[in-house]
Structures are given as structure tokens and as C-alpha cells.
Amino acid sequence: MQQKAPTSRIDDTLLSQFRAIVGPAHAVVDPDQQMPYLREWRDTYFGVSPLVVRPGSVDEVSQVLALANANRLPVVPQAGNTGLVGGQIPSDANTEIVLSVERLNAVRAVDPAGGTLTVEAGMTLADCQTAADDVDRLFPLSLPSEGSCRIGGNIATNAGGVGVLAYGNARQLVMGLEVVLPDGRVLNDLNTLKKNNTGYDLKNLFIGSEGTLGVITAAVLRLFPKPAEKATAFVAIPRLDSAIDLLGKAQQLAGSNLTAFEFIPRIVLEFVTRHVSGARDPLAEIYPWYALIEISGPKPDGQAEQTMQTLLETAAEAGLILDGVVAGSIAQSRDLWKLREGISEAQKPEGRNIKHDVSVPIAAIPDFVSKVNAAVLNICPGARPLALGHFGDGNVHYNVVQPIDMDPKQFGALGPNISAAVYDVVAQFGGAISAEHGIGQMKTDVLAQTKDPVAFDLMRSIKMLLDPNGIMNPGKVLNNL
Ligand code: FAD
């Protein structure tokens, strides 16, 4: 089955038709006004586009896609433009229009009793959290980019973040979706029912599809009771494999109230304290590895802190932790979280970074890290590998920072070899080449090489069924579609 490649360019007639749909102010052709939509914050991906459209309603999205489809014009959906794999950025061919959902930002319905919040795709994640909080509920998806990323983008990337351990990733937090299909039809799957066994679960096709199957315009989000208290601890551990038993103990003691378990190596703590304003090492001595642990409690009765104290005492007796501090106030808790959330910011001034977001079975993390470190240092002696992230989810952010005195360009040239070595070790441990950031344009080739061939074939068939003209985000996720 061969998919027809989109070839059309936009001419004045077509442009005026798009203008008529969204209004002239929202059919952006001026290069300066387009710039925020064509590059992302790290300047890793740039694109060129004849038109950025900002529809203000589902009906306008539908008309834009129908027109684009009729003219075989490729469309790149965009929400908050914080994606890290280039999925939201058009190519430099100047043939793809960008469709921003930022103007679709209404709360459509909230049902605290049923535990649902129905929002439009352009609402920022932070605004979704606030809308839940306004009815005394929790929407637990939480990422460092939450002030800028938008829920449509979170769903399209199946975003993870720090709440996955207790609440799951975006896929587990979405009950229903409204999606405009490439031909302009509107799929209304805004399910609010916990139990609904009426055929195929279509929403799951679009969650994590990174804009390649349609444009998500609204979603039903799952709400939870708000925890009444939280205890946060930052502990030093002697070896990375101590984290496995420490996590086991934390799960045993706190059960589903264990809401975060992150791991951080010493070198990363040094970067953060060096580059993030106000960040400081909370412990007096230097240790090789750290864990940031959060336990929540449904009632304000001090149970969370008590469980944390029990955990730390029993873990210290077992030699699993060497030192630690428990936040005594909300401000201290924020300071501890700053050590985790400031990591992206702190890596940039250290020079060029080659980043990988992978997952491996939790018990394999220590062996994975030592094996992949050896492979990377073999390719680039002096490189500074950083393994950190969501230990409790098996999600390792494996970033390699250039050697201190190396020319960034020379280091960048080693990137493909370094990444190939990382993905090779990931495969040896039965891991995944993307844990939470997605495939975008960054990992299409490695996906094609590593995905089960039957699964990959099915993905291509689904793409061709829903998007026979290949207009939706071409070249993303599937390398030649
Ligand atoms: P965009 O960047 O605009 O788009 C991302 C993808 O979704 C693109 O492929 C795009 O085409 C598609 N898309 C966007 N909107 C729609 C739509 N309405 N319909 C269909 N397709 C659409 N991610 C994590 O998972 N966990 C983290 O902890 C995390 N931390 C981050 C920290 C920082 C500092 C930054 C900058 C990013 C981080 N990210 C993280 C990555 C990013 O924030 C997430 O991938 C986020 O979900 C992207 O949302 P967005 O609104 O910015 O989407």
C-alpha cells in the first residue's frame, strides 16, 4: 500500500480561503509573528511554513483540515511548543502549515462527583490543574513545563512527569476525546463513564499519536481526591542498586500514597547548585547518588510524615540510605523539588548535551546505567554521562554532557554514535527508546529499527486508514509517511 505524498503549496486563493475560516488575524504569514511557532525553546528544531493558523473553535479546526485535505496540504498540529523531539515543528520545506490549538482554551464541563473535567485542547496544563483545584479535586499530571505545555500536546505525546508512579501517565488520565480527523469529520468520543464497553477504545489511538492521526480538540480528564498532606525527603544512597530496595520498602510502607520516587546522581546535584538560583545541597557531606521521595496522605493527620520517618529509619538500619533530610515546611519541600525540577536548566550552561529518554525494567536500572556509561565513555572519553529521572517508573533520562574542554561541534558529531550505543544497550535490557517524550522527528529511524515489525506494520496501516492523503504531521513518528 503506497500513501500519496502531499505535494501542494499554498497559493493566494487557498490562503484567502484559510483567512476566511479563521479570520485574517489568525492566519499568520508574517515571518516575525510566525517565529514562536517555528522554533522550540532549546533551538534544536527550526522549521519554515507558509502559514500558521490559529482556529478559535472546533468547527474552524474541522474546516481548516477539510480544506487542507482537499488540497493535499500537510498540517503540523501544535499546542504549547514544549515538545522535546521536534514533533510540533514543521520541516524546512515551506510546505507544511502549522495548526495551533492555543485559542481553544475553555473549560467545557466539570463534574467533581463523577471525577471528570472536560477541557479544550489549548488549555495549559497548569490551568487544567487549577480548574480541578477550584472544585477541590486533583488533576495529577505534572511536568516541569506545565506553565507552557497545553493539554492537547500532553495527550498527543502521552506525557509522563513526576506523578506517574501513583496516577499513571496521560493515557491513564484521559477518559474521552474529541478529535478532528484529517478529512474534517469530528469524532465525538467525550466519554465520561468509568464503565463503557461499547466496542474499540478509539481514544487510545490518538493518545500518543503525536499529531499524525488527527487534531485533538477537547478531552475528558480524570480527577482525584486532593491529598491533604505531603512529606518530602531528599536522601543519599550508597549505590544506585540501593534504590531498588529503597523503592520496595517505600511501596510496602506507603502503598499508593507513594507519589514520587526520583533519582539524581552527584554530578547533577553539582550542576543544579552551580547554575540554578537559590538551589543548595541540603546535606553536609558528598554522596554518589540521591533519591527524592514524596509520600502523600488523604487526611491532615501527620500520617504521611510518620510513614516517611519509618521508611527512613528502617532504610538507614538496612544500610540503604546514608543521610537524608525531610522537609519541615512547604517552602523546604519546594526547595527540595527545585533540585529535581532545575535539572534541565542546569545542564545547558555545561555545554552540549545529547539527551535520551528511555525506560528499562526497574530492577535493571543499575546494570543498565553501568553498561551504558561504559559504552558512552568508550566512544567519547571524558564525556559526562548523567542518568537520572523517574526511578519508580523505570524511566531514565540519560543525558551525555560534552567533556569540559571539547569543542561542542566535535562532540555533536559523536551524537549519532553515542545515541546508537545507548539504544543498543536499551534493547539488550528489553527497554523502550522513548519513555515519555515521544518519537517526533528525532527518533523515527530508531523506531523503525527497533519496533516489533508486526506492530510497526499495524501502525502504518492505521495511519493510512485515517489519513490516506498523508497530510497529518508527515515525517513524524513513522519515518516515511
Ligand atoms: P507540542 O510541543 O506543541 O506538541 C507535541 C506533539 O504533540 C507534536 O507532535 C504535536 O504535533 C502534537 N500535538 C500538539 N497538540 C496537538 C493536538 N491538539 N492534537 C494532535 N496533536 C497535537 N514531558 C514529559 O512527558 N515529562 C516531563 O517530565 C517533561 N518535562 C519537560 C521539561 C521541560 C523543561 C520541557 C521544556 C519539556 C518537558 N517535557 C516533558 C516535554 C513536553 O513538555 C511534553 O511532551 C508536553 O506533553 C508537550 O506538550 P505541548 O503542549 O508543548 O505540545
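Hydrogens, waters and symmetry mates play no part in the numbers below; they use all other heavy atoms, side chains included. Just so you know, these numbers come straight off a predicted model, no measurement behind them. Order of appearance sets the numbers: ligands from 1, and atoms from 1 within every ligand.
- Relative ring orientation between His356 and Tyr398 is described as tilted, the plane-to-plane angle lying within the 30° to 60° band.
- No option in Gln88, Arg39, Arg150, Glu102 other than Gln88 meets the side chain to side chain donor-acceptor pair (under 3.5 Å) test with Asn81.
- Between Glu210 and Lys476, no side-chain nitrogen of the basic residue sits less than 4.0 Å from a carboxylate oxygen of the acidic one, so the salt-bridge criterion is not met.
- Among protein heavy atoms, the minimum distance from atom 15 (N) of ligand 1 is reached at Ala79 CB, 3.4 Å.
- Each of Val101, Val64, Val186, Asp59 was checked for a side chain to side chain contact (heavy atoms under 4.5 Å, CB included) with Val180, and the lone residue meeting it is Val186.
- Using a cutoff of 4.0 Å between basic side-chain nitrogens and carboxylate oxygens, Glu350 and Lys348 are not scored as salt-bridged.
- For atom 31 (C) of ligand 1, the candidate residues are Gly160, Ala218, Ser145; the nearest heavy-atom contact is made by Ser145.
- Counting non-hydrogen atoms of neighbouring residues, nucleotides and ligands closer than 6.0 angstrom, the NZ atom of Lys451 reaches no more than 12 such neighbours.
- Of the protein's heavy atoms, Gly214 O, 3.4 Å lies nearest to atom 20 (C) of ligand 1.
- Listed by number with element, the atoms of ligand 1 under 4.0 Å from a non-hydrogen atom of Gly83 are 2 (O), 52 (O).
- Nearest heavy atom pair, residue Ile237 against residue Pro288, reads O-CG, 3.8 Å.
- Contacts between Phe206 and ligand 1, counted as non-hydrogen atom pairs separated by less than 4.0 Å, are absent for every part of the residue.
- Here's the thing with Ile216: one of its N/O atoms is less than 3.5 angstrom from an N/O atom of ligand 1.
- A salt bridge is defined here as a Lys NZ or Arg NE, NH1 or NH2 lying under 4.0 Å from an Asp or Glu carboxylate O, and Lys355 with Asp357 fails to meet this definition.
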**Prompt:** Yes or no on side chain to side chain donor-acceptor pair (under 3.5 Å) for Ser100 and Gln78, after CA distance, side-chain angles and deciding distance?
**Reply:** CA-CA 5 Å; Ser100 168; Gln78 191 178 100; 5.3 Å; no
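- Of all atoms in ligand 1, listed by their number and element, those nearer than 4.0 Å to a heavy atom of Asn473 are 9 (O), 11 (O).
- The part of Val101 lying near ligand 1 is the side chain, judged by heavy-atom distances below 4.0 Å.
- Within the structure, the closest approach of Val76 to ligand 1 does not fall below 4.0 Å when heavy atoms are considered.
- For the residues Val215, Thr82, Val85, Asp357, the heavy atom positioned nearest atom 52 (O) of ligand 1 is part of Thr82.
- With hydrogens left out, the protein atom closest to atom 11 (O) of ligand 1 is Pro77 O, 2.6 Å, a heavy atom.
- Judged by the shortest distance from any of its heavy atoms, His437 lies inside the 4.0 Å radius around the atoms of ligand 1.
- For atom 24 (C) of ligand 1, the nearest non-hydrogen atom of the protein is Glu436 CD, 3.6 Å.
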Exercise for the section: Would you please test Asn191 and Asn196 for side chain to side chain donor-acceptor pair (under 3.5 Å) and show each step? Expected result: CA-CA 8 Å; Asn191 167 66; Asn196 183 347; 3.0 Å; yes
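- Residue Asn154 has at least one nitrogen or oxygen atom sitting less than 3.5 Å from a nitrogen or oxygen atom of ligand 1, judged on distance alone.
- Ligand 1 has an N or O atom lying under 3.5 Å from an N or O atom of Gly80, backbone or side chain.
- Close approach of ligand 1 to Trp41 (heavy-atom distance below 4.0 Å) involves ligand atoms 36 (C).
- Gly440 does not count as a contact of ligand 1, since none of its heavy atoms falls under 4.0 Å from the ligand.
- Geometrically, ligand 1 and Arg150 share a nitrogen or oxygen pair separated by less than 3.5 Å.
- For ligand 1, the polar-atom distance check against Ser344 finds no nitrogen or oxygen pair separated by under 3.5 Å.
- In this structure, His390 and His397 have perpendicular ring planes: the angle between them is above 60°, well past the 30° mark.
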Inset, instruction - Apply the test ring-ring contact (aromatic ring centres under 6.0 Å, His included) to residues Tyr167 and Phe224: give CA-CA distance (whole Å), side-chain angles for both, the deciding distance (0.1 Å), then the verdict. - result: CA-CA 9 Å; Tyr167 299 101; Phe224 293 80; 4.9 Å; yes
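- Regarding atom 16 (C) of ligand 1, its nearest protein heavy-atom neighbour is Gly152 O, 3.9 Å.
- With ligand atoms numbered from 1 in the order given, ligand 1 contributes 14 (C), 15 (N), 47 (O), 49 (O), 50 (P), 51 (O), 53 (O) to contacts under 4.0 Å with heavy atoms of Gly153.
- Heavy-atom contacts of Glu210 reach the following atoms of ligand 1: 9 (O), 11 (O), 12 (C) (cutoff under 4.0 Å).
- By the 4.0 Å N-to-carboxylate-O rule, Glu178 lies too far from Lys203 to be salt-bridged with it.
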Handout entry: Steps toward side chain to side chain donor-acceptor pair (under 3.5 Å) verdict (Thr82, Ser148)
Key = CA-CA 7 Å; Thr82 68; Ser148 319; over 6 Å; no
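- Contacts with ligand 1 closer than 4.0 Å are made by no heavy atom of Glu40, backbone or side chain.
- Ion pairing between a basic and an acidic side chain is recognised when a charged N comes within 4.0 Å of a carboxylate O; Asp133 and Arg137 show no such pairing.
- For ligand 1, the polar-atom distance check against Pro144 finds no nitrogen or oxygen pair separated by under 3.5 Å.
- For atom 4 (O) of ligand 1, the nearest protein heavy atom (residue, atom name, distance) is Gln88 CB, 3.5 Å.
- Atoms of ligand 1 found under 4.0 Å from any heavy atom of Thr157 (numbered from 1 in listed order, with element): 5 (C), 6 (C), 7 (O), 45 (O), 46 (C), 47 (O).
- Electrostatic pairing of Asp281 and Arg274 does not count as a salt bridge here, judged by no charged N lying under 4.0 Å from a carboxylate O.
- Of the candidates Cys149, Ala156, Ala121, Ala156 brings a heavy atom nearest to atom 22 (C) of ligand 1.
- For ligand 1 and Ala159, the ligand atoms under 4.0 Å from any heavy atom of the residue are 25 (O), 47 (O).
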